[in-house]
Amino acid sequence: MRTVRGNSEHFPVMIGQLHGFALSAFLFTWAMDALMRHIQGEVPWCMLFVVDIVLIDETLSGVNARLEVWRQTLESKGFRLSMTKTEYLGCKFTDIIHVTDDDVRLDTLVIPKRESFNYLWSIIQVNSEIDDDVTHRIGVG
């Protein structure tokens, strides 16, 4: 840890981020931004949302490559991507067909594919429809 009197001695971190602590999200985002500044792509191809990372590419092989860079970089700093919470959503925005890998992988683990994704109070669907989002907003209202 860097202080006004110089760097402190190395110390192990025994607990993770405290949920509910007002500064937890800010401190985590600040640390991630500093650690990942050199591999973050341009928005919207790479976005950080508190404890979530959104990686976007036009092909599955591109997503695999970006995910591998993030995994290696995080592991080199003592962090790790959650193998059980990582998932992906494939959206087809054009009629162009790319020959790509069949799966998105994190190391050797196949990442589960989702048909819809709820993020920032909106639902994005793989088929580009808005039905689930409209139904969700009506239910919340």
Side-chain angles (χ1 to χ4, degrees), residues 1-4 6-141:
M1 178 173 282
R2 187 177 303 160
T3 68
V4 292
N7 293 341
S8 71
E9 298 282 329
H10 180 270
F11 58 91
V13 176
M14 305 306 277
I15 61 170
Q17 180 178 348
L18 298 175
H19 293 280
F21 180 58
L23 291 177
S24 291
F26 171 73
L27 292 173
F28 182 81
T29 303
W30 182 55
M32 286 296 291
D33 186 53
L35 291 172
M36 302 298 144
R37 184 168 287 136
H38 69 285
I39 64 167
Q40 289 177 7
E42 295 180 21
V43 172
W45 300 99
C46 175
M47 296 177 281
L48 296 175
F49 294 100
V50 188
V51 296
D52 294 320
I53 303 166
V54 177
L55 301 175
I56 300 171
D57 202 278
E58 294 175 343
T59 65
L60 290 178
S61 59
V63 170
N64 278 327
R66 288 175 184 264
L67 190 57
E68 183 61 21
V69 168
W70 273 83
R71 184 189 68 78
Q72 289 176 359
T73 303
L74 284 169
E75 286 180 358
S76 74
K77 305 293 185 190
F79 292 91
R80 62 186 172 90
L81 290 174
S82 171
M83 299 287 200
T84 58
K85 294 182 181 178
T86 302
E87 46 194 26
Y88 84 98
L89 173 77
C91 294
K92 184 177 177 185
F93 294 109
T94 67
D95 291 332
I96 298 171
I97 296 179
H98 298 281
V99 177
T100 61
D101 303 328
D102 292 331
D103 298 316
V104 172
R105 295 179 176 273
L106 185 55
D107 201 13
T108 59
L109 179 72
V110 175
I111 303 300
K113 184 176 182 178
R114 298 280 307 267
E115 294 299 314
S116 66
F117 197 75
N118 185 349
Y119 203 78
L120 297 177
W121 303 284
S122 292
I123 297 177
I124 302 167
Q125 293 175 236
V126 71
N127 60 5
S128 304
E129 295 293 325
I130 62 170
D131 298 343
D132 288 349
D133 192 41
V134 170
T135 302
H136 172 71
R137 289 173 188 261
I138 290 170
V140 169

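Throughout, residue positions are numbered sequentially from 1 according to the sequence presented.
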Considering all heavy atoms, the nearest [X]-[Y] contact:
{"X": "Trp70", "Y": "Leu55", "result": "NE1-CD2, 3.4 Å"}
{"X": "Arg105", "Y": "Val110", "result": "NH1-CG2, 3.2 Å"}
{"X": "Thr73", "Y": "Val69", "result": "OG1-O, 2.8 Å"}
{"X": "Leu106", "Y": "Ser82", "result": "CD2-O, 4.3 Å"}

Backbone N/O of Pro112 and side chain of Asp103: donor-acceptor pair under 3.5 Å: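 Pair absent, no side-chain N/O of Asp103 close to backbone of Pro112.
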To the nearest 0.5 Å, tell me how far Ile111 CD1 sits from Leu67 CG.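 Between atom CD1 of Ile111 and atom CG of Leu67 there are 6.0 Å.
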To the nearest 0.5 Å, tell me how far Tyr88 OH sits from Asn64 CG.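 It comes to 8.5 Å.
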Indicate yes or no: does Glu87 engage Arg114 in a salt bridge with an N to O separation below 4.0 Å.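 Yes, Glu87 and Arg114 are salt-bridged.
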Could you check whether any side-chain heavy atom of Arg71 comes within less than 4.5 Å of a side-chain heavy atom of Glu68, counting everything from C-beta outward?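 Arg71 vs Glu68: side chains touch.
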